[in-house]
Structures are given as C-alpha cells and as structure tokens.
Amino acid sequence: MENSKFNRYTITAALPYANGPLHIGHLAGCYIPSDIYVRYLRSLGKEVAYVCGSDEHGVAITIKAKKEGITPQEVVNRYHEQMKKSFVDFGISFNHYSRTSSKVHHETASGLFRNLFEKGEFLEQSTEQYFDEEAGQFLADRYIEGTCPKCGNENAYGDQCEKCGSSLSPTDLINPKSKLSGNTPVLKETKHWFLDLARYTDFLKNWILVEHQNDWKNNVLGQCRSWLEAGDGLQARSMTRDMDWGIPVPVEGAEGKVLYVWFDAPIGYISSTKEWAAEKGIDWEPYWKSKDTKLVHFIGKDNIVFHCIIFPAILKTHGEFILPDNVPANEFLNLEGDKISTSRNWAVWLHEYLEEFPDKQDVLRYVLTANAPETKDNDFTWKDYQSRNNSELVAIFGNFVNRAVVLTHKFFDGKVPQLGALNDIDKDAIETLKAFPDKIAASIERYRFREALSYVMDFARLGNKYLADTEPWKTIKDDKGRTGTILNIALNIAANLAIVAEPFLPFTAAKIYGMFNMEGLGWKDAGNSDILETGISINPAALLFDKIEDHVVEAQVNKLMESKKQNELANAVAAPMKDMITYDDFAKLDMRVVKVLSAEPMPKSKKLLRLTVETGLGVKTVLSGVAEHFKPEDLIGKQVTMLINLAPRKMMGVDSEGMILMAEDRDGRLRLLQPNEHTGNGSTIS
RNA sequence: GGCGAGGUAGCUCAGAUGGUUAGAGCGCAGGAUUCAUAACCCUGAGGUCAGGGGUUCAACUCCCCUCCUCGCUACCA
C-alpha cells in the first residue's frame with residue numbers, strides 16, 4: 001500500500017526460538033530484510049517501532065532443559081542473552097528486544113485470550129490424551145516415545161519419527177513410553193480451547209486473496225491459498241496445551257494448562273511494543289490500533305500460516321487491532337547444498353562467524369542480501385561469499401571510495417576542492433546520481449532488497465566510471481581547477497553512496513560518515529551533489545573491505561566437512577538393542593522364503609509396489625514401500641523373506657497380506673534378504 | 001498422489017497487465033589504463049527462456065499435458 005497514507009510503522013521480525021544460537025539462515029530469512037526496511041524508514045525520518053524478542057515457551061525447551069538437567073528458565077536465559085548479543089553485534093537495530101517470559105507479555109497474552117474467551121470465540125473440546133500417572137501430568141506429543149509404526153524406529157516421538165520422517169500422532173506409536181517416568185502412559189480425557197478457524201475463512205479469503213493479491217509476495221499468497229482452499233477447509237486449532245511451562249490459561253478449570261506457544265508468540269510483538277513505549281514514555285496503542293499505522297511482519301516461510309491465518313484471525317476477532325499490511329516471508333537458505341540444521345551442526349553460527357571474521361558483519365549482511373531467498377530457496381556457499389567480497393565489495397565499492405579519498409589527499413591536502421564549470425560528463429553523472437535514491441527506495445518499498453542492493457552497487461560503479469572517464473590523475477598535470485571539480489563530484493558521489501548503503505551496510509556507512517565528518521544526514525539529502533561543502537577536511541582513507549584469501553574460505557568449508565564427518569560417525573553406531581523377548585515371542589512370527597511372481601508400481605503412490613508372491617501356501621498380495629529403492633524388474637523372480645502371518649492391512653484400497661523383510665543400511669538404503677542358495681518356496685525361517 | 005513454490009546464459013538471479021534483435025552481476029576472452037587492495041573502465045563470446053501441444057497477427061509471459069527440484073500432506077504392516 002502507498003506509504004503516504006501511513007504516519008507510523010510497526011515492523012516485526014519473527015521471534016527466534018530460544019533453544020539454540022542464531023545462524024545465517026535466521027539473518028537471511030527475516031532479520032536482515034526487516035533491518036534494511038527499518039533503517040530505510042528511519043533514514044526517511046519516519047516513526048518506527050521495530051520489535052522482536054525471544055520465543056521462550058513450547059515443549060522443545062522443556063525437553064532440552066530436562067536433558068541437560070536444568071530448568072526451562074535457565075535454558076531460555078542462556079539463549080536469550082546470546083541471541084540478543086548476536087543481534088546487536090550484527091547491527092540488527094531493534095527498538096526493543098523482549099522475551100515471552102516477561103511479565104508484560106504474560107499479562108498481554110492472557111488478556112487477549114481472556115478477551116476472546118469472554119466473547120465466546122473458543123470451542124471447548126475434550127479429547128483423550130496420554131497421561132503419565134506417576135508424574136501426574138498430560139504428555140505433550142514430544143514427551144512420548146515409542147516404536148514408529150512405519151519404520152520400526154524405537155525412538156519415534158509422538159508427533160513425528162525423525163528416522164523416516166513420518167508425522168505421527170501419539171496414539172499411532174507402538175509401546176508408547178513417557179519420557180518423564182519411562183512408564184506406559186494411559187489415555188485420559190482433557191479439555192482444550194480451540195479457535196474455530198473455519199469461521200474466518202470468508203474474511204481471510206477476501207482479505208488475502210482479493211485485497212492483497214497484488215501486493216503480497218507470490219510464495220506467501222500460494223501458501224495461504226493452499227490453506228484457505230484446501231478440500232476440508234481450515235481446521236479448528238487448539239490454543240491451549242497440557243503443560244506447566246508457559247502462560248497459564250486464564251480460565252477456571254484450566255489448571256495445569258498453558259497457552260499454545262503459537263498463540264502467545266505473535267502476541268510477543270505487542271508486548272515488546274508495550275515495553276518499548278513504556279520506557280520511552282509514549283502510548284503503545286497507536287502502533288497497533290491506528291489505521292494510519294503500517295504493520296509489517298517479516299518472517300520465514302515456515303511461519304506463514306501463523307502470521308497470515310491464525311494471528312490475523314485473533315486480531316480481527318478482538319476487534320481493536322489493525323491487520324498486517326504485508327507479510328513478506330522469505331524462503332529458506334541452504335548451506336553448501338544442504339539444508340541448514342542445528343542438530344546436525346550444519347550451519348554458520350553468528351557468534352562463531354564474528355570470532356573468525358571480526359569486523360566483517362557487513363560482508364555477511366551483503367552476501368545474505370545479495371543472495372537472499374526472496375523468491376525461492378537459495379544456497380549460501382563460501383566460494384560465493386569470497387567472490388562477492390573480493391569482486392564486488394572490495395573491487396567496486398571499497399575501491400571507489402578509496403580512490404576518491406586518496407586522490408583528494410594527494411592533490412588537495414584532504415580538503416574538498418571547489419566545484420568549477422561543469423561539462424557534459426559531469427552533468428550526466430550528477431543527473432544519474434539524483435535518480436539513484438528513488439530507484440533504490442522503490443525497490444525497498446516493494447521488499448525487493450536484493451534488487452535494491454544491486455542498484456547500490458551500480459551507484460558505486462557510476463563513481464568508478466566517472467573517475468575512469470574524467471581521469472583526474474591526468475588533469476592534475478595542467479589543470480588543477482578541473483581536477484578539483486572532478487574530485488568534488490566524486491566525493492559527493494561517495495557521500496551519497498554512504499547514505500543509500502546505510503540500510504544494507506550500516507557499519508561501512510558509519511566508516512564513510514566518519515571519513516567525511518558527515519552528521520545528521522538522511523535519505524532526504526541523498527540525490528544532492530553538494531552534500532560535502534567545499535573546503536571541509538576529510539580524514540585519511542581507511543580501507544572499507546579486505547580481500548579474503550582462498551585458504552580462509554577453504555578452512556570454513558573444511559570445518560563444515562568436519563561436522564559432516566562427525567555426523568556420519570555418530571550415525572555409524574548401530575541402533576541399540578531392543579528389549580529382551582522370550583522364545584515364545586519369537587515363535588509367534590511366521591517368516592518364510594517366498595518368491596516374487598509379479599511386481600508393479602501402485603498407481604498414485606510414490607513409495608508403494610504391489611507384489612504377488614508364492615508363499616508355498618498359495619499366492620499372496622503384499623504392498624511394500626520400496627518403490628524408491630527397487631524397480632519392479634529388480635524383484636520379479638527373486639526369492640525374498642516375508643512375514644506371512646501379519647494381520648492384513650488395507651492401503652489405498654488394497655489388502656496387504658504380509659510384510660517383505662528388508663535390511664536397512666545406515667544411509668537409509670534397503671537390501672533384500674535372500675537365501676544364499678535356491679530354497680523351496682514356503683521354507684520356514686527360524 | 002493432492003496442494004503450493006520453482007525450473008531463463010558456465011554460476012547466482014531479473015524479466016507488472018503477452019509486442020521490436022531475451023537482461024544484470026560473477027566467471028571467461030580480448031582491449032584500454034595506472035589514481036586505486038593487479039583493482040577500475042570498454043568490448044565480446046555464451047541461452048531452441050525444462051520438454052511437448054494449444055490460444056493469438058504476436059508467448060519466457062495465457063491454457064493443457066509431461067519431466068525435474070523444493071516445501072506441506074497422504075501412502076512404506
């Protein structure tokens with residue numbers, strides 16, 4: 001929407017989850033884009049509240065705490081401080097960085113819940129959940145472990161199996177065990193409060209798919225469409241959980257229950273704004289309730305549903321709040337071709353980066369912006385990092401500023417020389433200079449930061465070209481006045497460059513401001529060719545960027561390869577032995593050697609093959625999830641091992657009458673188990 | 001399989017509402033230059049715009065089908 005109708009801005013960046021340090025994916029996903037946007041707005045002189053904070057609730061944190069033998073509060077305290085420091089270190093310029101364990105946030109979130117509750121917005125539903133009788137509490141999905149019904153992994157969680165990636169519900173698990181006591185949990189009834197999202201479907205469809213069809217990003221609209229237009233519509237979502245870590249549900253009869261972390265997290269933006277306003281002694285409400293406030297949520301694509309569907313539904317229902325004008329979600333950043341992963345240590349950690357690349361925050365900011373995953377997943381590679389540093393930041397940007405300053409010191413004693421008569425080259429350069437700020441601004445306002453940044457580089461190129469065309473090192477020999485004119489213009493290009501680069505490269509801009517003794521300048525000054533007054537002294541040139549040598553990035557790649565090796569080593573440990581069983585348990589299994597008669601892909605399935613086998617007791621049909629490992633012709637005619645007395649199970653409309661046994665390698669590859677010589681079909685195995 | 005997002009020069013990516021010889025940066029090859037961190041500046045070579053149909057005077061851009069990648073979702077008894 002047009003900015004002219006807005007008098008203030010509330011800009012939010014996704015609350016980072018306080019269970020680990022920050023990495024480059026976090027920066028690229030939402031903190032750098034939001035920071036660029038905010039710095040630009042401030043440069044324009046706009047009123048901005050840029051808020052964020054640590055997301056400290058949720059089960060994952062309680063599990064981590066338990067594992068380390070400390071309290072959840074101790075876990076979040078550790079990461080809250082570390083993340084907060086990383087943001088400061090990288091120049092992410094929040095007005096306020098809060099945390100969801102704060103008092104203000106507890107009050108705000110329960111207040112909002114209470115408001116919806118009193119309006120009768122929640123559906124109260126009782127469901128059966130696993131309960132640990134010894135610990136006396138209901139178990140979150142993640143607190144239940146058991147055997148994955150799909151791959152047999154004994155350590156699958158109640159919500160998903162990390163080995164085969166299936167998403168599960170706790171009742172799917174075989175032999176569920178409580179992670180609290182190790183006991184088998186029992187099913188017990190529990191009551192929860194659900195937000196009936198289906199009621200907002202029409203409103204959301206109109207608001208997102210009609211009103212914002214032209215100004216929201218494609219990937220965001222697509223995700224919303226897939227939720228809003230799904231066959232069975234929006235499902236009611238429980239806004240409460242049985243847990244003791246979080247914000248207590250402020251309703252009678254809700255003892256031992258807390259607000260769902262995704263209910264309370266976005267409200268953290270409001271709480272953070274409140275804290276900031278209170279410190280500043282101003283009213284927070286206009287930032288969330290005035291129609292002339294522009295609210296923008298910067299997030300990663302994993303958060304789209306919460307920020308475009310659930311949170312707006314909550315705000316809308318409350319009635320007093322404004323809705324986001326835009327939710328410019330980024331896609332994901334990969335690292336050297338692989339998905340970034342905290343648990344696999346496949347990441348570039350911000351705190352480590354700064355230790356190894358001190359004072360190079362802007363280089364990372366630059367690379368992550370130039371290659372930001374704005375429209376699709378992108379890959380960060382150290383080679384690209386090096387190349388962008390050396391051939392763009394050093395060779396174009398840094399080099400230009402350095403040339404202008406060095407020449408000025410060489411020929412004019414470090415004082416801005418006087419502007420004389422202008423020729424066509426000068427006039428063209430000044431014209432081009434005037435046009436850049438608007439061009440860059442237009443891209444920023446459309447959330448196209450990589451494009452905006454490329455214009456900033458073009459601006460630096462203009463400076464280099466101007467020097468190459470005018471050749472002041474030649475004119476100095478017989479025309480000092482002309483040389484002065486050239487350098488005056490070149491220095492003013494550099495000064496302008498600092499202003500438009502500031503949102504992207506704040507540390508570098510500050511260095512240039514320091515070199516030129518510039519103060520109090522903003523976007524409104526950009527485009528003028530007389531920012532630097534004649535006669536003022538500028539400081540000696542200091543290099544803005546340094547070349548990065550091959551061995552430096554090679555070391556980084558090696559470091560990553562090392563963690564990959566460590567992971568393989570960790571995975572190389574064979575799965576632990578299952579519980580002891582008796583011979584009788586074993587004897588119940590009827591395993592046979594069978595021969596595959598036919599095999600064909602199951603229509604409409606990626607993973608299933610439909611096999612018919614001769615069991616010696618007749619032909620049986622088996623559906624086997626091996627289509628990604630074997631072609632039908634790899635199996636036909638082969639003898640394999642089969643469990644034949646497994647109860648039939650219908651899949652995709654076909655009864656599967658047993659299970660083909662496979663060996664699974666640690667890399668997930670499957671192998672057939674075959675007798676070493678031909679054996680009669682139906683031979684027993686014991 | 002369903003839904004969503006992508007598949008454009010060696011690499012990373014741009015290409016509103018369809019319209020002249022499809023663009024940029026990097027890399028590469030020539031040239032020019034020496035103020036500058038051998039950097040800058042100029043020129044050039046590279047693409048049947050995943051593939052196949054269709055609509056149109058005209059399609060990278062619209063429609064249909066197929067293939068590939070990624071995300072969510074279902075199916076590994």
Side-chain angles (χ1 to χ4, degrees), chain A residues 148-152 164-167 174 214 217-227 229-231 301-302 304-305 331-332 334 339 370-379 381 383-384 387-388 390-396 398-411 446 448 450-451 453-455 457-458 460-461 463-476 483 486-487 490 541 543-547 602-609 622-629 642-643 646-662 670:
Chain A
C148 173
K150 309 193 172 181
C151 72
C164 66
S166 318
S167 47
I174 302 161
N214 293 318
K217 290 174 62 171
N218 230 283
N219 55 331
V220 176
L221 288 171
Q223 276 295 323
C224 290
R225 196 171 291 125
S226 85
W227 286 89
E229 294 177 353
K301 68 173 169 185
D302 50 331
I304 290 173
V305 66
E331 300 283 297
F332 285 153
N334 292 324
K339 201 177 289 190
N371 193 26
E374 284 180 5
T375 54
K376 59 175 184 184
D377 290 1
N378 270 152
D379 200 20
T381 64
K383 190 168 168 292
D384 181 60
S387 147
R388 288 189 185 278
N390 292 355
S391 57
E392 297 177 25
L393 289 175
V394 174
I396 311 231
N399 189 216
F400 164 61
V401 175
N402 188 237
R403 295 170 84 182
V405 174
V406 166
L407 287 167
T408 303
H409 276 277
K410 209 172 254 186
F411 303 149
R446 292 172 69 201
R448 302 173 70 136
R450 52 191 305 161
E451 181 180 81
L453 182 59
S454 80
Y455 295 149
M457 288 310 291
D458 285 345
R461 286 190 176 92
N464 277 317
K465 184 165 169 47
Y466 178 72
L467 288 179
D469 289 347
T470 53
E471 301 183 303
W473 51 90
K474 283 187 180 165
T475 61
I476 189 64
T483 312
I486 294 167
L487 289 180
L543 293 182
L544 298 174
F545 303 101
D546 307 302
K547 281 203 124 183
M602 193 64 186
K604 301 193 171 190
S605 171
K606 256 195 293 218
K607 298 182 181 174
L608 292 175
L609 287 185
V622 182
L623 298 186
S624 188
V626 297
E628 288 172 325
H629 301 269
M642 171 172 164
L643 182 62
L646 191 63
R649 166 86 175 224
K650 190 169 283 228
M651 282 187 290
M652 307 192 73
V654 175
D655 266 330
S656 180
E657 307 171 286
M659 183 167 170
I660 304 296
L661 304 181
M662 298 273 170
L670 298 182

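Here is the naming used below: chain letters follow the sequence lines, and residue numbers restart at 1 for every chain. What's counted below: heavy atoms across the whole structure, side chains too, no hydrogens, waters or symmetry copies.
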Side-chain N or O of [X] closer than 4.0 Å to phosphate OP1/OP2 of [N]:
X: Lys410(A); N: rA36(B); value: yes
X: Arg388(A); N: rC11(B); value: no
X: Lys383(A); N: rU12(B); value: no
X: Lys547(A); N: rA39(B); value: yes
X: Ser387(A); N: rG27(B); value: no
X: Lys465(A); N: rC42(B); value: yes

Over all strands shown, is [X] touching base, sugar-phosphate only, or nothing at heavy-atom distances under 4.0 angstrom?
X: Lys217(A); result: nothing
X: Asp384(A); result: nothing
X: Phe545(A); result: base
X: Ser391(A); result: sugar-phosphate

Review point. Would you say the side chain of Ile396(A) lies within less than 4.5 Å of the side chain of Asn464(A), judging by non-hydrogen atoms?
Key: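 Heavy-atom side-chain distance check passes, below 4.5 Å.
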
Take atom [atom1] in [N] and the same atom in [M], then report the distance between them in whole Å.
N: rU20(B); M: rA32(B); atom1: C1'; value: 33 Å
N: rU17(B); M: rU21(B); atom1: C1'; value: 24 Å
N: rA5(B); M: rG46(B); atom1: C1'; value: 29 Å

Practice item. With RNA chain B as reference, determine whether Asp379(A) or Ile396(A) sits nearer its 5' end, using the nearest nucleotide of each. Key: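 Result of the comparison: Asp379(A).
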
Review point. Of Asn390(A) and Gly222(A), whose closest RNA chain B nucleotide lies nearer the 5' terminus?
Key: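 By nearest-heavy-atom nucleotide position, the 5'-most residue is Gly222(A).
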
Check your understanding: Say you draw a straight line from CG of Leu407(A) to CD1 of Ile486(A); how long is it, rounded to the nearest 0.5 Å?
Key ->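 So the gap between those two atoms works out to 9.5 Å.
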
Point to revise | Derivation of the salt bridge (charged side-chain N to carboxylate O under 4.0 Å, His left out) call for Asp377(A) and Lys339(A) | key: CA-CA 10 Å; Asp377(A) 290 1; Lys339(A) 201 177 289 190; over 6 Å; no

Practice item. Would you mind building the protein contact string for nucleotides 61-67 of chain B? One character per nucleotide, 5' to 3', B for base within reach (heavy atoms under 4.0 Å), S for sugar-phosphate only, - for untouched. Key: -------

**Study point:** Syn/anti state of rG46(B) by chi, 90° boundary around 0
**Key:**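 Syn.
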
**Study point:** Spacing of Asn371(A) atom CG relative to rA24(B) atom C1', expressed in whole Å
**Key:**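 Between C1' of rA24(B) and CG of Asn371(A): 15 Å.
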
